[in-house]
Amino acid sequence: MLRVKEVADRLRVHPATVYRWIADGHLPAVRYGKPIEPGVVIEGGGGSIRIPESAVTDRLSGTSSPSEVAA
């Protein structure tokens with residue numbers, strides 16, 4: 001499980017982009033302490049967010065569609 005900053009560094013995007021992908025449902029994530037639901041804006045504290053490394057690997061290898069990333 002990776003932190004948002006680690007995912008942003010690996011994908012060479014801003015951390016805000018990672019948060020947006022999570023909120024839009026384009027990137028799976030787990031929030032320890034509070035659940036994350038697609039379409040729900042992530043605000044404030046209340047838990048650390050982790051992204052499965054497999055999701056990042058898929059994105060890097062091009063398994064996910066570019067239109068999802070651009071959204």
Side-chain angles (χ1 to χ4, degrees):
M1 298 297 266
L2 301 170
R3 297 173 187 215
V4 170
K5 172 87 169 90
E6 293 169 328
V7 172
D9 290 344
R10 287 188 185 191
L11 297 177
R12 295 186 179 123
V13 297
H14 194 275
T17 301
V18 176
Y19 285 115
R20 188 174 58 249
W21 287 343
I22 293 168
D24 291 345
H26 297 299
L27 193 63
V30 175
R31 175 177 246 167
Y32 295 104
K34 287 187 179 180
I36 293 180
E37 299 174 23
V40 175
V41 177
I42 301 168
E43 294 181 12
S48 59
I49 296 173
R50 298 291 185 266
I51 296 98
E53 192 162 357
S54 61
V56 177
T57 304
D58 290 347
R59 189 124 357 236
L60 284 172
S61 67
T63 303
S64 56
S65 70
S67 61
E68 286 183 355
V69 176

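All values below come from the heavy atoms of this structure, side chains included, with hydrogens, waters and symmetry mates left out.
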Can you confirm whether [X] sits close enough to [Y] that some side-chain heavy atom of one is under 4.5 Å from a side-chain heavy atom of the other?
X     : Y     : result
Arg50 : Arg3  : yes
Val13 : Trp21 : yes
Arg59 : His26 : yes
Pro52 : Met1  : yes

If every non-hydrogen atom of [X] is compared with every non-hydrogen atom of [Y], which pair is closest and at what distance?
X     : Y     : value
Ala55 : Leu27 : CB-CD1, 4.1 Å
Ile51 : Pro28 : CG2-O, 3.5 Å
Leu60 : Arg10 : CD2-O, 3.7 Å
Ala8  : His14 : CB-C, 4.0 Å

## Note on the structure
d(Leu2 CG, Ile49 CD1) to nearest 0.5 Å is 13.0 Å

